[in-house]
Amino acid sequence: ISSLEGASKKLSSFAETLAEKDFFNRVETSPINQNNLDFKLSPQPMTMEKATELCKNYNTDAVISLNRILVNDLQAELFNETKNTYISFLEAKYDLHWTIYVPENTRMGSITTRDTLYWESEAFNRKKAIAGLPDRQNALIDGAILSGESSVNHFIPKWEKVDRYFFNFNSGMYKKGIDKIYYQSWEDAIQIF
């Protein structure tokens, strides 16, 4: 896939998923590529001055920048002798370099995210196994979208609801149960608890 097309799709899905998480008040994407360099070879983070300018222009507190996206894909086939079938697969590895800018605190941090997506098709006929895979270009674009969505979890805090159990430590029965555990009288401790 072309670098700009993949990056554009990834950023769009990233921004949509980030907005759905309701952590930030507002999420916007810049319609203009802010990186004039060839960002395929090495990550080229923007300067803090540029990030500060963007924050002022968009009235935001922070900027999250996708500095580089690398996609390595492999399409191959295997023959399974035990089942006498052909297996075709497409594997895509996404490597993204992000930078977070918070001009108010004059800080920036970098994150690298990686995703691997895998498609597989199996058939008795080799051509059917190959035909069972998605179109390579479409698969790589779909993978870029999924990779952008999964990258969101690296940028926002995550809360999980869990059940907590509390005990009344003043209860005499609890103290008796602890004493039984101390002497490794497991069955007695279970009965008390």
Side-chain angles (χ1 to χ4, degrees), residues 1-76 89-120 133-164:
I1 62 177
S2 76
S3 298
L4 290 178
E5 182 181 9
S8 174
K9 299 243 185 230
K10 184 175 293 294
L11 284 174
S12 294
S13 66
F14 174 81
E16 286 175 25
T17 306
L18 195 61
E20 289 170 3
K21 297 288 185 177
D22 289 329
F23 182 75
F24 297 103
N25 292 336
R26 189 169 47 100
V27 176
E28 290 188 36
T29 56
S30 172
I32 301 166
N33 179 9
Q34 301 297 320
N35 190 345
N36 298 329
L37 303 171
D38 182 7
F39 66 100
K40 292 182 282 186
L41 301 178
S42 63
Q44 298 295 328
M46 72 177 76
T47 63
M48 185 57 85
E49 292 78 22
K50 181 67 176 177
T52 303
E53 177 187 326
L54 287 170
C55 284
K56 287 179 184 173
N57 291 345
Y58 287 93
N59 192 27
T60 62
D61 296 326
V63 172
I64 298 174
S65 169
L66 174 59
N67 304 316
R68 178 188 68 195
I69 174 174
L70 292 176
V71 181
N72 292 310
D73 67 300
L74 170 67
Q75 186 168 346
F89 67 89
L90 172 61
E91 180 181 69
K93 294 182 179 185
Y94 297 85
D95 185 9
L96 296 91
H97 184 270
W98 304 85
T99 304
I100 306 161
Y101 301 88
V102 184
E104 183 178 293
N105 299 335
T106 62
R107 288 186 293 171
M108 59 189 241
S110 294
I111 294 175
T112 300
T113 61
R114 291 182 176 91
D115 280 310
T116 301
L117 291 142
Y118 185 82
W119 295 265
E120 184 178 288
L133 290 177
D135 174 71
R136 179 180 168 270
Q137 183 78 6
N138 291 338
L140 294 178
I141 290 172
D142 289 346
I145 292 168
L146 290 170
S147 183
E149 290 172 3
S150 70
S151 294
V152 166
N153 295 327
H154 296 278
F155 295 95
I156 59 172
K158 181 180 175 184
W159 291 274
E160 289 185 20
K161 292 184 179 182
V162 294
D163 293 329
R164 301 276 191 228

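The OH atom of Tyr118 sits 11.5 Å away from the NZ atom of Lys93 when rounded to the nearest 0.5 Å. The CG atom of Asp61 sits 8.0 Å away from the CG atom of Asn25 when rounded to the nearest 0.5 Å. Rounding to the nearest 0.5 angstrom, the gap separating the OG atom in Ser147 from the CD1 atom in Ile69 is 6.5 Å. Distance CD1/Ile111 to OG/Ser151: 9.0 Å, rounded to 0.5 Å. With rounding to the nearest 0.5 angstrom, the CG atom of Asn138 is 12.5 Å from the CG atom of Leu133. Distance check: Trp119 CH2 to Glu91 CD gives 9.5 Å after rounding to the nearest 0.5 Å.
Minimum interatomic distance between Val63 and Ala51 (heavy atoms only, all atoms of both residues): CG2-O, 3.8 Å. For the residue pair Arg136 and Leu90, the shortest heavy atom distance occurs at CA-CD2, 4.2 Å. Taking all atoms of both residues into account, the shortest heavy-atom contact from Trp98 to Asn67 is C-ND2, 3.7 Å. Smallest separation of non-hydrogen atoms from Pro134 and Ala139: CG-CB, 3.8 Å. Here the shortest heavy-atom pairing between Lys21 and Asn153 reads NZ-OD1, 3.7 Å. Heavy atoms only, all atoms of each residue included: Val27 and Ala15 are closest at CG1-O, 3.8 Å.
In this structure, the side chain of Tyr94 engages the main chain of Leu140 through a donor-acceptor pair within 3.5 Å. Between the side chain of Arg26 and the backbone N or O of Asn59 there is at least one donor-acceptor pair closer than 3.5 Å.
Under a cut-off of 6.0 angstrom, the local environment of CG in Asp135 is crowded, with over 12 non-hydrogen atoms contributed by other residues, nucleotides or ligands.
Two residues are said to be in side-chain contact when any heavy atoms from C-beta on lie closer than 4.5 Å; Leu146 and Leu117 meet this criterion. With contacts defined as side-chain heavy-atom distances shorter than 4.5 Å, the pair Thr60/Leu54 does not qualify. Counting heavy atoms from C-beta on, the side chains of Glu20 and Val152 never come closer than 4.5 Å. Proximity of His97 to Thr99: side-chain heavy atoms (C-beta onward) are separated by under 4.5 Å at one or more points.
In this pair, Phe14 and Phe155 present their aromatic rings perpendicular. The plane angle is above 60°, beyond the 30 to 60° band.
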TODO: Would you check, one step at a time, whether the test side chain to side chain contact (heavy atoms under 4.5 Å, CB included) holds for Ile64 with Leu18?
DONE: CA-CA 11 Å; Ile64 298 174; Leu18 195 61; 4.3 Å; yes

